[in-house]
Amino acid sequence: MESVQIVCNRCGKAFPVDGVPLINTEGAPELKEKLLSGELFLRECPHCGARNLAKWPLLYHDPAEKVMIWLSDGSADTEARMKAAVAGEEFEGYSGRIVDTPGALLEKVKIFDAGLDDIALEMAKFITRQELGKDIDLLFFNLEGADNEITLTYPEAGQMQLVRIGFNVYEDCAGILLRNPDIKKSATGLCRVDRGFVECWLK
Ligand SMILES: [Zn+2]
């Protein structure tokens, strides 16, 4: 177990949290269910009972889909160690990602589970952001319907807003990726594929 101290968002007191260091989707599918429901990271404060979103270093590994996602605590040493571990031959062909929040981990899992390429999806978000003309952080919500419509969310005025984009937007981005293999090549090993990653390439 990973043990961390977190500070309650209501009473401000610290308390210890134990969390699993690894979710292997083949060995522990029930942990993935808890991750998807959000339950995994919720911890009740022993002082005041408030529910808090906890976070600890966690590796998500889906061997069938060849996906490895590292929820980092920001430690450069640990990240370097994780990168070296994933650089081994046994992980060739993997999508290896680093994320910094439980929400970002959940989003990545949903993207890969939907069979989408997260780089193409980040590019589609980039385009959507430009079309909306808003400086917002978009999150993948789902892919559904006969037309494979993609729904993204973002917070505004204290509420969750939904943006629906056509699958063609995503497909156009996937096409750009095919024609520019360097983009994908720059995301081998364990790396962050987020807003900053695509802005480096598209700006
Ligand atoms: Zn509390």
Side-chain angles (χ1 to χ4, degrees), residues 25 32 35-36 59-72 74 79-80 82-156 160-203:
T25 55
K32 181 177 176 180
L35 168 71
L36 289 172
L59 182 67
Y60 173 90
H61 183 197
D62 183 340
E65 295 298 324
K66 294 194 169 186
V67 169
M68 190 94 80
I69 308 165
W70 171 242
L71 173 57
S72 175
E79 275 183 23
M82 292 305 296
K83 281 182 182 176
V86 174
E89 260 178 28
E90 69 266 41
F91 299 121
E92 212 178 309
Y94 264 74
S95 295
R97 302 291 182 252
I98 301 175
V99 294
D100 296 290
T101 65
L105 171 61
L106 180 56
E107 183 196 27
K108 285 289 180 206
V109 171
K110 282 162 73 174
I111 291 169
F112 289 122
D113 277 1
L116 299 174
D117 181 304
D118 66 330
I119 303 176
L121 189 82
E122 286 300 329
M123 290 166 78
K125 285 187 193 174
F126 178 90
I127 291 165
T128 306
R129 219 168 5 244
Q130 284 193 325
E131 282 179 357
L132 291 171
K134 292 176 181 172
D135 182 22
I136 43 170
D137 284 321
L138 292 161
L139 274 180
F140 173 73
F141 181 66
N142 69 9
L143 169 77
E144 66 174 7
D147 297 332
N148 278 331
E149 206 174 46
I150 292 174
T151 301
L152 306 172
T153 63
Y154 64 95
E156 191 175 65
M160 228 11 140
Q161 310 290 330
L162 301 180
V163 196
R164 293 200 170 81
I165 61 172
F167 198 64
N168 60 309
V169 177
Y170 169 83
E171 282 180 318
D172 287 349
C173 294
I176 294 170
L177 277 183
L178 277 179
R179 293 191 295 277
N180 298 276
D182 284 351
I183 301 178
K184 204 150 201 172
K185 239 181 263 169
S186 75
T188 47
L190 208 56
C191 65
R192 285 182 174 78
V193 169
D194 51 15
R195 186 174 169 172
F197 175 88
V198 292
E199 284 178 354
C200 272
W201 283 100
L202 299 180
K203 267 193 171 161

- prompt: Say you draw a straight line from CG of N168 to CG of N148; how long is it, rounded to the nearest 0.5 Å?
  reply: 11.0 Å
field: From F141 atom CZ to I111 atom CD1, the distance as rounded to the nearest 0.5 Å
entry: 13.5 Å
Closest contact, heavy atoms only, S186 versus C191: O-SG, 4.5 Å
field: Check ion pair R129-E122 (N to O, under 4.0 angstrom)
entry: no
message: Do the side chains of R195 and E199 get close enough for a salt bridge, i.e. N-O under 4.0 angstrom?
response: yes
message: Just verifying a value: how many Å separate T151 OG1 and L162 CG, rounded to the nearest 0.5 Å?
response: 6.5 Å
statement: Minimal heavy-atom distance between L121 and Y170, with the atoms involved, is N-CE1, 3.9 Å
query: Closest approach of I98 and R192, non-hydrogen atoms and distance?
result: O-CG, 3.4 Å
E79 side chain near W70 side chain, heavy-atom distance below 4.5 Å: yes
query: Is there a side-chain contact between T128 and L152, using heavy atoms and a 4.5 Å cut-off?
result: yes
field: Non-hydrogen side-chain atoms of I119 and L177 separated by less than 4.5 Å
entry: yes
task: Please state whether the rings of H61 and F91 are parallel, tilted or perpendicular, taking 30° and 60° as the class boundaries.
output: perpendicular
- request: Establish, from distance only, whether the side-chain atoms of Y60 and K108 form a donor-acceptor pair under 3.5 Å.
  value: no
- request: Before giving the answer on side chain to side chain contact (heavy atoms under 4.5 Å, CB included), spell out for D113 and K32 the whole-Å C-alpha distance, their side-chain angles and the decisive distance to 0.1 Å.
  value: CA-CA 11 Å; D113 277 1; K32 181 177 176 180; 2.8 Å; yes
task: Decide yes or no for D62 and F112: does some side-chain heavy atom of the first lie under 4.5 Å from some side-chain heavy atom of the second?
output: no
message: If the threshold is 4.0 Å, N to carboxylate O, is there a salt bridge linking K125 and D137?
response: no
query: Please walk me through it: do K110 and L36 pass side chain to side chain contact (heavy atoms under 4.5 Å, CB included)?
result: CA-CA 8 Å; K110 282 162 73 174; L36 289 172; 4.3 Å; yes
message: Determine whether R164 and I150 satisfy the following criterion, side chain to side chain contact (heavy atoms under 4.5 Å, CB included), listing intermediate values before the conclusion.
response: CA-CA 6 Å; R164 293 200 170 81; I150 292 174; over 6 Å; no
Shortest non-hydrogen contact from P102 toward L71: N-CD1, 3.9 Å
- prompt: Do L139 and Y154 come close enough that some side-chain heavy atom pair is under 4.5 Å?
  reply: no
- request: With side chain to side chain contact (heavy atoms under 4.5 Å, CB included) as the test, would you mind laying out the steps for Y94 and V67 before giving the verdict?
  value: CA-CA 6 Å; Y94 264 74; V67 169; 5.6 Å; no
query: Is any side-chain heavy atom of D118 closer than 4.5 Å to a side-chain heavy atom of S95?
result: no
field: Minimum heavy-atom distance A114-L143, with the two atoms named
entry: O-CD2, 3.7 Å
- prompt: When the ring planes of W201 and F197 are compared, do they come out parallel, tilted or perpendicular, using 30° and 60° as the limits?
  reply: tilted
task: For M160 and P155, work out which heavy atoms get closest and say how close.
output: SD-N, 3.8 Å
field: Lys/Arg N to Asp/Glu carboxylate O, K134 vs E156, below 4.0 Å
entry: yes
